[in-house]
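Worksheet for the structure shown next.
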Amino acid sequence: MENDNLYHKMDKENIHYINHSLLFTRGAIAHHHDLTAIIVDDKQVTSQVSENTVLMQELGHYMAGAYYRTNSPYELIDKMEHKADKKAWEEFFPYEEIKELMKKGLTTATQLAEYYNVEAPYMAKCLNYYYNQYHGFD
């Protein structure tokens, strides 16, 4: 996926893009009343692939309503991160589409990550989730 498509989705949803230094994370989403912004640290996000990954994951938070405070308990943070990932994967890497790509020969996380223009570890998490959720890719 190209950055332009992600920026278009953000514009459509009225989500602002902010570049700011962050500690402990490369990206974050802030939501207060009717204002939503995705914050990206360009010192940590240095390529289109890494930016795509961050934007997709943060858009997952938005689409799933998976928000938390920085001082939230770890269990809540973990739950909201997983909920956001699932929503992002369903939106940007649908299971049926992944199955079709695998039938066409894109069978590794690296190959699929290159196809979708995201980081391989993020794609590997998606594949692991789908494999367990749907009992494989048959």
Side-chain angles (χ1 to χ4, degrees):
M1 177 167 281
E2 299 301 317
N3 281 50
D4 291 343
N5 295 341
L6 295 169
Y7 293 140
H8 178 73
K9 183 161 187 66
M10 290 168 59
D11 283 343
K12 184 179 171 186
E13 297 294 333
N14 197 30
I15 300 172
H16 302 276
Y17 181 101
I18 299 171
N19 179 20
H20 194 277
S21 294
L22 296 169
L23 295 174
F24 311 118
T25 188
R26 305 180 302 167
I29 191 162
H31 180 73
H32 185 68
H33 296 292
D34 291 335
L35 179 65
T36 303
I38 293 177
I39 303 103
V40 177
D41 186 344
D42 70 347
K43 291 180 182 87
Q44 297 182 63
V45 177
T46 57
S47 71
Q48 181 178 345
V49 169
S50 62
E51 183 172 38
N52 286 350
T53 306
V54 168
L55 291 178
M56 286 178 186
Q57 207 277 334
E58 297 307 330
L59 283 166
H61 281 280
Y62 172 79
M63 293 180 295
Y67 302 112
Y68 58 86
R69 297 184 182 278
T70 55
N71 64 345
S72 294
Y74 173 78
E75 293 79 11
L76 177 63
I77 293 171
D78 191 51
K79 179 180 177 182
M80 292 298 108
E81 289 295 333
H82 184 65
K83 185 176 177 181
D85 284 338
K86 287 188 331 185
K87 191 65 172 177
W89 297 332
E90 291 166 359
E91 174 75 16
F92 299 113
F93 324 127
Y95 175 73
E96 291 299 325
E97 187 174 293
I98 295 282
K99 279 178 39 175
E100 287 303 313
L101 290 169
M102 288 181 155
K103 288 177 186 175
K104 292 178 182 178
L106 300 176
T107 57
T108 68
T110 301
Q111 290 169 329
L112 288 163
E114 287 175 5
Y115 177 84
Y116 286 108
N117 209 18
V118 296
E119 294 169 336
Y122 191 64
M123 181 56 66
K125 283 177 59 177
C126 171
L127 295 175
N128 185 57
Y129 168 74
Y130 281 155
Y131 186 85
N132 291 322
Q133 183 72 19
Y134 296 101
H135 309 289
F137 294 100
D138 297 330

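Because only heavy atoms are used, hydrogens play no part in the values below, and waters and symmetry mates are left out as well, while side chains stay in. All residue numbers in this chain count up from 1 along the given sequence. Worth saying up front: this structure is predicted, and the values here are computed from it rather than measured.
- The main-chain N or O of Asn128 is found under 3.5 Å from a side-chain atom of Asn132 such that the two form a donor-acceptor pair.
- Under a hydrophobic clustering in which Ile, Leu, Val, Met, Phe, Trp and Tyr are joined whenever their side-chain heavy atoms come within less than 4.5 Å, directly or via other members, Leu6 and Ile39 fall into different clusters.
- Note: Trp89 and Tyr129 have tilted aromatic rings, judged against thresholds of 30 and 60 degrees for the angle between ring planes.
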*Take Tyr7 and Tyr17 through the test ring pair (Phe, Tyr, Trp, His ring centres under 6.0 Å) and record every step on the way to the result.*
CA-CA 8 Å; Tyr7 293 140; Tyr17 181 101; 5.8 Å; yes
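- In this structure, Leu127 CG and Met102 CE are separated by 5.0 Å, a value rounded to the nearest 0.5 Å.
- Side-chain contact of Tyr115 with Glu97: a donor-acceptor pair under 3.5 Å is absent, judged by distance alone.
- Taken from CD in Glu96 to CZ in Phe137, the straight-line distance is 11.0 Å, to the nearest 0.5 Å.
- Gln48 approaches Asn117 most closely through the heavy-atom pair NE2-ND2, 3.2 Å.
- Side-chain contact between Thr36 and Asn14 is absent, with no heavy-atom pair separated by less than 4.5 Å.
- Note that CE of Met10 is 10.0 Å distant from CD of Glu58, once rounded to the nearest 0.5 Å.
- With Ile98 as the partner, the side-chain contact (heavy atoms from CB on, under 4.5 Å) test is satisfied by one option alone out of Tyr131, Phe93, Tyr134: Phe93.
- The 12-atom threshold is exceeded at NE2 of His16, counting heavy atoms of other residues, nucleotides or ligands nearer than 6.0 Å.
- For the side-chain contact (heavy atoms from CB on, under 4.5 Å) test with Glu119, the passing option among Asn52, Thr110, Thr53 is Thr53; the others fail.
- Going from atom CD of Glu75 over to atom CE of Met80 covers 12.0 Å, rounded to the nearest 0.5 Å.
- When all heavy atoms of Asp41 and Leu22 are compared, the pair lying nearest together is OD2-N, 2.9 Å.
- The two residues Ala109 and Ala120 have their closest heavy-atom pair at CB-O, 4.2 Å.
- Between Asn19 and Val40, the shortest heavy-atom contact is OD1-O, 2.8 Å.
- Taking OG1 from Thr108 and CD from Glu114, the interatomic distance works out to 7.5 Å, rounded to the nearest 0.5 Å.
- In this view, His31 and Tyr67 satisfy the ring-ring contact (aromatic ring centres under 6.0 Å, His included) rule, not counting sequence neighbours.
- Scanning for salt bridge (charged side-chain N to carboxylate O under 4.0 Å, His left out) contacts around Lys103 gives Glu100, with sequence neighbours left out.
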*For Phe92 and Leu59, what are the C-alpha separation, side-chain angles and deciding distance, and is it a side chain to side chain contact (heavy atoms under 4.5 Å, CB included)?*
CA-CA 10 Å; Phe92 299 113; Leu59 283 166; 4.0 Å; yes
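- Applying the side chain to side chain donor-acceptor pair (under 3.5 Å) test to residues at least two apart or on different chains, the pairs with a partner in residues 77-87 are Gln57-Glu81, Gln57-Asp85, His61-Glu81, Tyr68-Glu81, Asp85-Tyr122, Asp85-Lys125.
- Nearest heavy atoms, Ser50 versus Val45: OG-CG1, 3.4 Å.
- How far NZ of Lys9 is from CD1 of Ile15: 8.0 Å, rounded to the nearest 0.5 Å.
- Other residues, nucleotides and ligands contribute over 12 non-hydrogen atoms within 6.0 Å of the CG atom of Asn71.
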